[in-house]
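Below is one structure, written out as structure tokens; the observations come after it.
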2 protein chains.
Amino acid sequence: MANRTDALSRERIVATAVQMLDATGEEGLTFRALSAQLKTGAGAIYWHVANKSELLDAATDAVLAGATTVAEAAPEAEIRALALGLFDAIDVHPWLAGQLAQGPWKSEALRIFERLGQRVQALGVPAPAQFTSATALMIFIVGAAAQNAANASNAAKIRAAQPDASRTAMLAVESAAWEGLDPGDYPFLHDIAGQLREHDDREQFLAGVDLILAGIAALRPQA
Amino acid sequence: MANRTDALSRERIVATAVQMLDATGEEGLTFRALSAQLKTGAGAIYWHVANKSELLDAATDAVLAGATTVAEAAPEAEIRALALGLFDAIDVHPWLAGQLAQGPWKSEALRIFERLGQRVQALGVPAPAQFTSATALMIFIVGAAAQNAANASNAAKIRAAQPDASRTAMLAVESAAWEGLDPGDYPFLHDIAGQLREHDDREQFLAGVDLILAGIAALRPQA
DNA sequence: ACCTGAACACCGTTCAAGT
DNA sequence: ACCTGAACACCGTTCAAGT
């Protein structure tokens with residue numbers, strides 16, 4: 001019968017790759033480990049996939065597809081929903097950050113860029129500024145989510161060695177380090193150490209998106 | 001005498017690593033190639049440097065130090081100068097992008113974040129919004145420069161196979177691809193294909209920085 | 001204290017040989 | 001057409017042995 005679970009196919013390879021990426025990150029995805037999981041030889045995978053880079057692209061597309069469908073709303077609200085969708089997708093699949101961080105975006109990532117751009121147009125941004133606006137949004141979203149993913153994987157690594165290191169405990173350590181800096185040399189970090197300790201990642205992310213939206217609003221010709 | 005050119009030292013290792021990174025990128029920096037260049041064994045390097053990650057950190061700091069000194073000016077102008085300094089540093093050393101893209105920033109990168117934050121404070125941004133503002137700036141700067149670096153290395157790779165592929169020619173190809181998309185599915189990309197073809201990277205980057213600065217200005221209590 | 005270079009435990013990718 | 005698995009050309013890192 002068609003679609004037997006144990007038949008090797010590009011789909012099954014990509015799906016398994018996504019699972020391994022989620023579990024162990026990009027360096028955990030190995031053709032040896034992958035072929036072991038799939039109970040084949042390494043060479044069998046190369047029949048369906050050109051190389052590791054193409055496999056990562058396929059995994060990225062698989063995860064991004066449908067990760068950012070957005071309910072109809074006002075353009076700003078749709079941009080926030082799109083942003084949050086990407087943020088959450090990267091939170092669940094931290095390896096996505098590395099794939100998206102270095103454009104040029106293609107396939108699914110390009111689709112997201114397109115959707116952001118549509119909302120930028122709907123906001124009434126003048127044509128010459130649309131490219132800048134949509135790019136700024138995409139770069140910030142991907143960059144902020146990448147930071148978040150890096151922090152999370154960092155936390156996971158430390159927790160592996162010291163299992164009781166909670167996220168708040170780690171933030172407290174970094175925050176204390178900033179507080180301990182010489183206020184003469186580091187007045188800013190010294191000042192905001194408290195904000196670092198108490199900040200919520202999602203809230204902080206949305207505040208950043210709103211900051212860019214405010215900048216975009218300033219580009220609009222006054223009605 | 002002290003500082004003989006052929007004495008192995010952490011400094012000389014890092015300096016040579018930077019040269020190799022600039023020439024061949026991160027995957028070109030190998031302990032074998034590095035030790036060959038330095039005319040030693042691979043193990044000798046490990047006497048001065050813990051591992052490759054630490055070596056990359058040291059190379060990042062070496063390149064970032066002094067790369068972003070900025071003449072005194074109005075806060076906005078200083079932020080633009082800081083941003084442009086980082087942009088240019090990543091342009092010359094594309095491997096920097098990968099190092100900075102995944103914070104938490106440390107040593108020299110943290111210093112740059114501090115300097116950005118000082119200017120945000122000078123702009124009169126209310127305390128609760130300072131963290132968001134400085135972070136948004138840093139993320140955009142690093143993200144945009146990373147895109148640029150990726151495009152450049154992409155261009156270099158294609159040029160290696162097809163030596164007459166100029167940057168403008170490559171942009172024209174991508175632009176034409178966007179123009180060829182179905183305007184029903186991709187109205188935005190179809191529209192801005194022309195802007196992609198004609199845009200100047202530095203100008204586009206500065207426009208993005210100004211966009212965020214405009215958003216930051218909107219945070220300021222009206223005088 | 002510092003350096004050597006072989007050795008270990010891995011990689012991605014290829015390819016003759018099988019079915 | 002698709003799969004097997006050994007082999008190739010690499011990695012980062014370690015470590016006994018040298019000076």
Side-chain angles (χ1 to χ4, degrees), chain A residues 1-60 62 95 98-99 102 153-154 157 160-161, chain B residues 1-60 62 95 98-99 102 153-154 157 160-161:
Chain A
M1 43 160 72
N3 278 336
R4 281 184 48 198
T5 332
D6 55 352
L8 193 56
S9 67
R10 192 173 211 270
E11 275 171 38
R12 204 160 73 92
I13 290 171
V14 172
T16 308
V18 168
Q19 282 175 26
M20 297 184 62
L21 284 165
D22 290 350
T24 51
E26 183 174 332
E27 85 259 28
L29 178 64
T30 287
F31 276 81
R32 276 165 184 75
L34 183 57
S35 58
Q37 190 85 17
L38 291 167
K39 295 187 201 308
T40 14
I45 295 167
Y46 280 92
W47 183 260
H48 299 273
V49 160
N51 50 42
K52 188 168 183 178
S53 167
E54 191 191 293
L55 180 56
L56 284 168
D57 282 351
T60 301
W95 48 273
Q99 297 303 302
Q102 37 200 7
S153 92
N154 216 350
K157 228 168 271 175
Chain B
M1 45 163 65
N3 277 338
R4 281 184 49 196
T5 332
D6 55 351
L8 193 58
S9 67
R10 193 175 211 272
E11 276 170 39
R12 204 160 74 90
I13 290 169
V14 172
T16 308
V18 168
Q19 281 175 26
M20 297 185 62
L21 285 165
D22 290 349
T24 51
E26 182 174 334
E27 86 259 27
L29 178 65
T30 286
F31 276 81
R32 276 166 183 75
L34 183 57
S35 58
Q37 190 85 16
L38 292 166
K39 294 189 202 304
T40 14
I45 296 167
Y46 280 92
W47 182 261
H48 299 273
V49 159
N51 50 43
K52 186 166 185 180
S53 167
E54 192 192 292
L55 180 56
L56 284 167
D57 282 351
T60 300
W95 48 273
Q99 297 303 301
Q102 38 199 6
S153 92
N154 217 350
K157 228 167 274 175

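First the proteins, then the strands, lettered A, B, ... as listed; each starts at 1.
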List, with names and distances, any nitrogen or oxygen atoms from the protein found under 3.5 Å away from nitrogen or oxygen atoms belonging to nucleotides 13-15 of chain C.
{"residue": "C/dT13", "atom": "OP2", "partner": "A/Y46", "partner atom": "OH", "Å": "2.9"}
{"residue": "C/dT13", "atom": "OP2", "partner": "A/K52", "partner atom": "N", "Å": "2.9"}
{"residue": "C/dT13", "atom": "O5'", "partner": "A/Y46", "partner atom": "OH", "Å": "3.2"}

_According to side chain to side chain contact (heavy atoms under 4.5 Å, CB included), who are the partners of B/T24, at least two apart in sequence or on a separate chain?_
none
*CD1/B/I13 to CG/B/L34 distance, rounded to the nearest 0.5 angstrom?*
7.0 Å
*asked:* Under 4.0 Å, heavy atoms only, any strand: does B/T30 hit a base, just the sugar-phosphate, or nothing?
replied: sugar-phosphate
*asked:* Distance check needed: C/dC11 C1' versus A/I45 CD1, whole Å only.
replied: 14 Å
*Atom OG1 in A/T60, atom CH2 in A/W95: separation rounded to 0.5 Å?*
5.0 Å
*So which of residues 18-29 of chain B are in contact with DNA chain D, with a heavy-atom cut-off of under 4.0 Å?*
B/L29
*State the CG-CD distance between B/L56 and B/E26, to the nearest 0.5 angstrom.*
5.0 Å
_Measure CG/A/L34 against P/D/dC3 and give the value in whole Å, please._
13 Å
*Residues in side chain to side chain contact (heavy atoms under 4.5 Å, CB included) with B/A15, at least two apart?*
none
*Provide, to the nearest angstrom, the distance between the CG atom belonging to A/L56 and the C1' atom belonging to C/dG12.*
12 Å
Run the side-chain donor-acceptor check on residues 44-53 of chain A: report pairs under 3.5 Å with partners two or more places apart or on a different chain.
{"residue": "A/N51", "atom": "OD1", "partner": "A/S53", "partner atom": "N", "Å": "3.3"}
{"residue": "A/N51", "atom": "OD1", "partner": "A/E54", "partner atom": "N", "Å": "2.9"}
{"residue": "A/K52", "atom": "NZ", "partner": "A/L29", "partner atom": "O", "Å": "2.8"}

*asked:* Return the CG to CG distance between A/L55 and A/L21, rounded to the nearest 0.5 Å.
replied: 7.5 Å
*Answer yes or no: does a side-chain N or O of A/W47 lie under 4.0 Å from OP1 or OP2 of D/dC2?*
yes
*Could you summarise the pairing of DNA chain C as dot-bracket text, marking Watson-Crick and G-U pairs under 3.5 Å with ( ) or [ ] inside the strand and | across strands?*
||.|||||...|||||.||
*Please report, rounded to the nearest Å, how far the P atom of D/dC2 is from the CD1 atom of A/I13.*
11 Å
*Closest approach of A/G28 to A/M20 (non-hydrogen atoms, all atoms of both residues)*: O-CE, 4.0 Å
_A/T30 side-chain N/O to A/A33 backbone N/O, donor-acceptor pair under 3.5 Å_ = no
*Measure across B/V18 and B/A59 and return the closest heavy-atom pair with its distance rounded to 0.1 Å.*
CG2-CB, 3.8 Å
